[in-house]
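Before any comments, here is the structure.
Position 1 is the first residue of the sequence; numbering continues from there.
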Amino acid sequence: MNRKQKIMLTRILVSAALLIVLNFVPAAGVLRFILYMVPYFVVGYDILWKALKGILHRQVFDECFLMAVATVGAIALALYEQSGDYTEAIAVMLFYQIGEWFQSYAVGRSRRNISDLMDIRPDYANIEKDGKLTKVDPDEVAPGSVIVVQPGEKVPIDGTVVEGRSTLNTAALTGESLPREAGPGDEVISGCINQNGVLKIQTTKEFGESTVSKILDLVENASSRKSKSEDFISKFARIYTPAVCFAALALAVLPPLVRMAFMGLSPDWGSWIYRALTFLVISCPCALVISIPLSFFAGIGGASRAGVLVKGSNYLETLSQTRTVVFDKTGTLTQGVFEVNGIHHSELENEKLLEYAALAESASSHPISKSLQRAYGREIDRSRVSDIQEISGNGVLAKVDGVSVAAGNDKLMDHLGIPFIPCHSVGTIIHMAIDGKYAGHIVISDVVKPHAKEAVRALKAAGVRKTVMLTGDAKKVADAVAGELGIDEVYSELLPAGKVEKVEALLQGKPEKEKLAFVGDGINDAPVLGRADIGIAMGAMGSDAAIEAADIVLMDDDPLKISKAIKISRKCLSIVYQNIVFAIGIKLLCLVLGALGLASMWLAIFADVGVMVLAVLNAIRALFVKKL
C-alpha cells in the first residue's frame with residue numbers, strides 16, 4: 001500500500017471504531033449530533049470537499065456529489081424527524097469509502113505489476129576514463145561511445161558488443177525467461193540485464209531513441225488512447241448522472257404533490273425524500289466508471305508481461321475483432337538471415353568449393369556474400385584474392401590463389417559461355433566456375449523462423465479466417481515459404497507501393513465489422529502498418545520506422561505472440577462486456593427497488609459497493625495471461 005491508501009484505511013478504521021463506540025454512548029440532542037458528526041467528517045471530509053469544488057466549478061454531477069447529497073440529506077432528515085439516527089448516513093459514507101479504497105488498491109496493484117515489469121529504466125551508464133569507470137547520465141552518452149556493463153547491471157543504451165561475453169536476461173522486454181548469449185559483434189538492446197561477464201558496448205543510438213526509452217514512452221502513453229467502450233462509459237456517465245439526479249428530485253417532490261392534490265392524502269415528505277436519497281446512493285456509476293478503464297489497463301499490463309506492447313486500449317479493442325492477418329515475409333515469418341542450405345553437383349570437395357566462393361565474394365557486403373563467409377567459418381585472408389571484378393546483377397570474377405573463379409547467377413554463366421546445371425531448389429543459386437569449367441552450385445535461402453508454422457496454425461485456432469503473405473521476393477521462393485507455413489494467399493514480387501495497394505484491396509474486400517492486421521518489420525513496411533486496421537511490428541530487430549508506425553509491438557520478434565495478443569485482447573473485451581452488463585443490470589434492478597421503497601439505504605450502499613468490488617475483481621483477471 002502507498003501512503004495515501006494507508007491514510008484512507010486509517011480513516012476508515014477510526015470512523016468504524018467511533019461509530020461502534022457511539023452506539024453505547026447515551027447522548028441525546030445537540031451533543032449526540034456533534035458526536036456522530038466526528039466519524040462522519042473523519043471518513044467523508046474529502047468527498048464533501050470534492051463535491052463542493054465540483055459545484056463551484058460547475059461540474060456538479062459526479063459520484064462525490066451524489067454521495068454528499070445522499071448522506072447530508074439523510075442527516076437533515078434525521079434532524080427534521082428528531083430521530084437522532086445518524087448511523088445510516090455515516091455507514092453509507094463509510095461503505096462508499098471502503099469501496100473506493102478497494103478500487104484504489106486494485107488499480108495500484110495493477111500499476112505496480114506493470115511498473116515492476118517495466119522497471120527497466122537505467123539510472124546510469126559506465127564510461128571508462130583513465131582505467132576507471134565513471135557513472136554518467138545515459139542522456140549524456142553520444143552514439144559511437146563505448147560503455148561498460150558489469151554483471152547485474154542494465155544495458156542502458158542500444159549498441160553492439162565490442163568486447164566480452166555474457167548472458168542477458170530479457171524477461172522485462174520479451175516476457176521470455178530464457179537468457180540470451182551475447183558476444184563480440186552481437187547487437188544488444190537497452191533494458192536487458194547483464195547476468196555474468198563484463199561487456200563493452202559501442203552505442204548505436206542516443207538514449208532517447210533507444211529501445212528502453214521507446215518502451216517506457218509506449219507504456220506511459222497507452223492509457224491516453226481510449227477505446228470505444230471507454231468513450232461510451234464517459235458519455236454514459238455524463239448523461240446518466242444528471243438524469244438520475246433529476247429523477248431523484250422528481251421522486252422526492254412529485255409523489256407527495258400528487259398525494260396532496262389528487263388523492264387527498266398526507267404528502268409523507270419524509271418517506272419520499274428517503275426514497276429519493278436511497279435512489280441517489282444506488283445510482284452512483286462507480287462500478288462502470290472504475291472497472292472499464294481498469295479492465296483495459298490490466299489488459300495492456302498483461303500483454304506487456306507477455307512481451308506484447310499495445311499503444312492504447314483502442315488498439316486492444318480493434319485487435320479483438322481481427323479476422324485477417326497479412327504478413328510481410330523477410331524478418332517477419334523468416335529470420336531475414338540467409339544461410340547456405342546446399343551444395344549440388346560439385347566437382348570439388350564441398351568445403352573447397354565454399355572456400356573459393358567465400359574468398360571470391362570477400363570484397364562484397366551483400367547479404368549473400370556474408371552468408372557464404374559465415375558458412376566458410378574461417379577468417380578471410382584477403383591477400384589470397386586478386387583481380388576482383390564485380391559484374392552488376394550477375395556475380396563476381398576473381399583470382400583465388402592464382403586460380404580463376406566465377407561466382408554468380410545463370411546470367412553470369414551465360415555471359416562466360418559456360419554450360420551449367422539448373423537447380424530446382426528454392427532460394428538464391430550461386431553457380432561456380434573454376435578455371436573456366438563448371439564446378440557446381442551453392443543454394444542460399446532465408447531461414448523460416450522456428451515458430452512461424454505454429455504461429456499460422458495458432459491464428460487459425462484463434463478464429464483468424466484468412467492469412468496472407470506479401471513479399472518482394474520471387475514467386476517461386478514466396479510460394480515455397482507460403483506452402484510450408486500454410487498461408488492461405490501469397491502475393492510476390494511487390495514493391496512497397498504494391499504492398500499498400502494489396503492491403504487496400506483486402507480492406508475493401510472484407511466485411512465492415514471485421515478488422516485486418518498487418519505484421520511487418522522493415523522501413524518499407526511502415527506505410528502498410530499505418531494503413532492497416534491494426535499494425536503489428538517486430539520490436540527486437542524491427543526498424544524504428546516500423547515500430548513508430550505500428551499500433552502493437554512484439555518485443556521478441558516471435559510471430560507466435562500474434563495469436564497470444566489476439567487472445568489477450570478478446571479476454572480483455574470479454575471482461576469489459578461482462579462488467580458493463582453486470583453493473584448496468586444490477587444498477588437498474590436496484591433503482592427500481594429503491595423507487596418502489598423496497599430497498600433501504602443500507603441495501604443500496606451494499607449493492608453499490610458490492611457491484612464495484614466484484615467488477616474490479618473481474619477486471620483484474622485481465623492481468624493474468626500466462627495460460628492463453
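Using a cutoff of 4.0 Å between basic side-chain nitrogens and carboxylate oxygens, Lys311 and Asp551 are not scored as salt-bridged. The residues Lys200 and Glu128 are annotated as salt-bridged, a charged nitrogen and a carboxylate oxygen being separated by less than 4.0 angstrom. Using a 4.0 Å cut-off between charged nitrogen and carboxylate oxygen, Glu504 and Arg531 count as a salt-bridge pair.
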Quick one, Tyr491 with Thr471, criterion side chain to side chain contact (heavy atoms under 4.5 Å, CB included). Give me CA distance, side-chain angles, the key distance, then yes/no.
CA-CA 6 Å; Tyr491 300 95; Thr471 179; over 6 Å; no
Could you walk me through whether Val503 and Phe518 satisfy the side chain to side chain contact (heavy atoms under 4.5 Å, CB included) test, starting with their C-alpha distance in whole Å, then the side-chain angles of each, then the deciding distance to 0.1 Å, before giving a yes or no?
CA-CA 8 Å; Val503 167; Phe518 179 83; 4.3 Å; yes
Tell me, with the steps shown, if Glu153 and Asn126 meet side-chain hydrogen bond (donor to acceptor under 3.5 Å, both in side chains).
CA-CA 10 Å; Glu153 292 183 333; Asn126 295 318; 2.7 Å; yes
side-chain hydrogen bond (donor to acceptor under 3.5 Å, both in side chains) between Tyr376 and Glu351: does it pass, once the steps are laid out?
CA-CA 8 Å; Tyr376 174 51; Glu351 288 186 10; over 6 Å; no
Stepwise side chain to side chain contact (heavy atoms under 4.5 Å, CB included) test for Asp533 and Thr322
CA-CA 9 Å; Asp533 291 321; Thr322 298; over 6 Å; no
Derivation of the side chain to side chain contact (heavy atoms under 4.5 Å, CB included) call for Gln373 and Ile380
CA-CA 8 Å; Gln373 292 169 42; Ile380 299 293; 4.3 Å; yes
Working note: Asp158 + Thr204, criterion side-chain hydrogen bond (donor to acceptor under 3.5 Å, both in side chains); need CA distance, chi angles, decisive distance, verdict.
CA-CA 6 Å; Asp158 294 3; Thr204 54; 5.7 Å; no
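The distance from the CD1 atom of Ile430 to the CD1 atom of Ile343 is 11.5 Å, given to the nearest 0.5 Å. Taking CE of Met432 as the reference point, atom CE of Met413 lies at 8.0 Å (rounded to 0.5 Å). Here Lys510 contributes atom NZ and Arg323 contributes atom CZ; the two are 11.5 Å apart, rounded to the nearest 0.5 Å. In this structure, CZ in Phe327 is found 8.5 Å from OG1 in Thr332, a value given to the nearest 0.5 Å. A distance of 8.5 Å separates OG of Ser569 from CD1 of Ile534, quoted to the nearest 0.5 Å. Residue Leu316 holds its CG atom at 4.5 Å from SG of Cys572, rounded to the nearest 0.5 Å.
Looking at heavy atoms from C-beta onward, Val448 lies out of side-chain contact with Lys453 at the 4.5 angstrom threshold. Two residues are said to be in side-chain contact when any heavy atoms from C-beta on lie closer than 4.5 Å; Leu354 and Leu372 meet this criterion. Annotation: side chain of Ile562 is in contact with side chain of Ile536 (closest heavy-atom distance under 4.5 Å). Between Thr334 and Val447 the shortest side-chain heavy-atom distance does not fall below 4.5 Å. Using a 4.5 Å cut-off on side-chain heavy atoms (C-beta onward), Val148 and Ile127 make no contact. Inter-residue side-chain proximity for Val325 and Val468 is flagged as unmet; no heavy-atom pair is nearer than 4.5 Å. Taking the side chain as every heavy atom from C-beta outward, Val149 and Pro156 approach each other to under 4.5 Å. For the pair Lys564/Val308, no side-chain contact is recorded, criterion being any heavy-atom separation below 4.5 Å from C-beta on.
Nearest heavy-atom pair, Val400 versus Ala360, reported as atom, atom and distance to 0.1 Å: CG2-N, 4.1 Å. Of all heavy-atom pairs spanning Ala375 and Val340, the tightest one is CB-CG2, 3.5 Å. Residues Val161 and Ala182 share a closest heavy-atom pair of CG2-CB, 4.4 Å. Residues Leu168 and Cys192 approach most closely at CB-CB, 4.1 Å, considering heavy atoms. For the residue pair Ala363 and Ile388, the shortest heavy atom distance occurs at CB-CD1, 3.8 Å. In terms of heavy-atom proximity, Lys476 sits nearest to Cys423 at NZ-O, 3.8 Å.
Judged by distance alone, with hydrogens and angles left aside, the side-chain atoms of Lys499 form no donor-acceptor pair with the main-chain N or O of Pro527 at under 3.5 Å. With Asn314 contributing its side chain and Glu317 its backbone, the two residues share no donor-acceptor pair below 3.5 Å.
Partners of Ser563 by side-chain hydrogen bond (donor to acceptor under 3.5 Å, both in side chains), not counting sequence neighbours: none found. Residues satisfying the side-chain hydrogen bond (donor to acceptor under 3.5 Å, both in side chains) criterion with Asn394, sequence neighbours excluded, are absent altogether. Remark: Glu140 engages no residue in a salt bridge (Lys or Arg N to Asp or Glu O under 4.0 Å) (not counting sequence neighbours). Remark: Ser574 engages Gln578 in a side-chain hydrogen bond (donor to acceptor under 3.5 Å, both in side chains) (not counting sequence neighbours). Remark: Asn196 pairs with Ser166, Thr167 by the side-chain hydrogen bond (donor to acceptor under 3.5 Å, both in side chains) rule, at least two apart or across chains. Residues passing the salt bridge (Lys or Arg N to Asp or Glu O under 4.0 Å) test with Arg457: none are found, sequence neighbours excluded. Scored by the salt bridge (Lys or Arg N to Asp or Glu O under 4.0 Å) test, Arg570 finds no partners at all (sequence neighbours excluded). For the salt bridge (Lys or Arg N to Asp or Glu O under 4.0 Å) test, residues two or more places apart in sequence or in another chain that qualify with Lys475 are Asp479.
A salt bridge (Lys or Arg N to Asp or Glu O under 4.0 Å) check over residues 410-420, counting only residues at least two apart or in different chains, returns nothing. Residues in residues 381-431 take part in these ring pair (Phe, Tyr, Trp, His ring centres under 6.0 Å) pairs, two or more places apart or across chains: Phe420-His431, His431-Tyr438, His431-His441. Counting only residues at least two apart or on different chains, the salt bridge (Lys or Arg N to Asp or Glu O under 4.0 Å) pairs with a member in residues 481-493 are Lys460-Asp488, Lys466-Glu489. Sequence neighbours left out, the pairs with a member in residues 382-399 that pass salt bridge (Lys or Arg N to Asp or Glu O under 4.0 Å) are Glu355-Arg384, Arg384-Asp401.
Of the listed residues (Glu501, Lys329, Lys502), just one forms a side chain to side chain contact (heavy atoms under 4.5 Å, CB included) with Leu470, and that residue is Lys502.
Counted within 6.0 Å of NZ on Lys437, heavy atoms from surrounding residues, nucleotides or ligands total 12 or fewer; the atom is thus considered open.
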